[in-house]
Amino acid sequence: MKTNLLLNFTVDKENKKIHVEREFAASVAKVWAAWTQKELLEQWWAPKPWKARTKEMDFREGGHWLYAMVGPEGEEHWARMDYKSITTQKSYSALDLFCDENGQPSDFLPCSQWLTSFQENSSNTIVDVMLTFNELSDLEKHLEMGFKEGFLMAFENLDEVLESKG
Amino acid sequence: MPKEFRRDVFQAIADPTRRAILSMIALQAMTPNALAEHFDTTRQAVSKHIKILTECHLVRQELSGREIYYHFNAKQMKEVDQWLEQFKKLWEDRFNQLDDVLFNLKPNDYED
């Protein structure tokens, strides 16, 4: 049941930003819940066959989400989302960082700032994610290395599964 | 590995004026004068953008009689596509999963 929902994806290397915009066929209350409640986040945040597993979640200003991306072999990649400011059903900003299972930030994987905004559009909701990096090299590292570390593998696995099924 | 400065295709598309120039010459090759007429900025400013685009190999110059025509080099844009593809795919998959979650979400599954 694929509909033609808006998806914009742009990288602004000059300003060290990645901008993702996507429309969802649901009310802003639902979409907001899916981004801010751990039970719901866990259902979609990780690319299959990986799963997101929450260790700690406290969605409030100054709170954080500490979670692991768990792979099919049980391998874990930990990350933390530190919530900075929250305007309910409008937007939230956060610091996204890689860390260990205790939430201790990684020395070599870069962090990024997120501004996620929600806007109702008739019965749909447009979500706008603006990722900002401190350094251009962080953005590149995030794309080139960060994803190879954790997420890209998932796609390779998935591709293999799909190919083997002919 | 030393990071040396070089113009690349990402620098080209980071600027809105340069994106506009690319859109125009993608449709047809244009002379500098014809191009400059579409912008409020000075001719020099437009020339500077063209220079950057040329350095990024997105624009080729061709002489036709006494006029220079700027041509769009579409092949060069592929680099952007390939680089973005893996990252874009992650978001697409993630959002498709979110579609399913939202579709199955009942009012008592979330605090309004």
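Each chain gets a letter, A, B and so on, in the order its sequence line appears, and its residues count up from 1.
Residues B:L27 and B:I50 do not share a hydrophobic cluster, clusters being chains of Ile/Leu/Val/Met/Phe/Trp/Tyr side chains in contact below 4.5 Å. Under the 4.5 Å side-chain heavy-atom criterion for grouping Ile, Leu, Val, Met, Phe, Trp and Tyr, B:I68 is connected to B:L53 within one hydrophobic cluster. Both B:L102 and A:W35 are members of a single hydrophobic cluster when ILVMFWY side chains are connected at heavy-atom separations under 4.5 Å. In terms of hydrophobic clustering, with Ile, Leu, Val, Met, Phe, Trp and Tyr side chains grouped at heavy-atom distances under 4.5 Å, A:Y92 and A:M57 are assigned to a common cluster.
If you take CH2 on B:W91 and CG on A:L131, they are separated by 5.5 Å, rounding to the nearest 0.5 Å. Atom-to-atom distance recorded for B:F95:CZ and A:W44:CH2 is 6.0 Å, nearest 0.5 angstrom. B:D93 CG to A:W50 CH2: the interatomic distance, rounded to the nearest 0.5 Å, is 14.5 Å. We find the NZ-NZ distance between B:K106 and A:K30 to be 7.5 Å, quoted to the nearest 0.5 Å. For the atom pair A:L40 CG and B:N104 CG, the distance stands at 11.0 Å (nearest 0.5 Å).
Within a 6.0 Å sphere centred on CD of B:Q97, other residues, nucleotides and ligands contribute more than 12 heavy atoms. Residue A:N102 places its CG atom among more than 12 non-hydrogen atoms of other residues, nucleotides or ligands, all under 6.0 Å distant.
Looking at A:V129, the atoms closer than 4.5 Å to chain B (heavy atoms on both sides) all sit in the side chain, from C-beta outward.
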Given B:R94 and A:V20, is the side-chain contact (heavy atoms from CB on, under 4.5 Å) satisfied, shown in steps? CA-CA 12 Å; B:R94 177 180 270 180; A:V20 192; over 6 Å; no

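Looking at B:V101 and A:E42, their side chains never come closer than 4.5 Å, going by heavy atoms from C-beta outward.
Checking side-chain atoms of A:Q43 against main-chain N and O of B:L98 turns up no donor-acceptor pair under 3.5 Å.
Applying the side chain to side chain contact (heavy atoms under 4.5 Å, CB included) rule to A:D82 yields the partners A:H64, A:R80, A:K84, A:L95, A:L97; only residues at least two apart in sequence or on another chain are considered.
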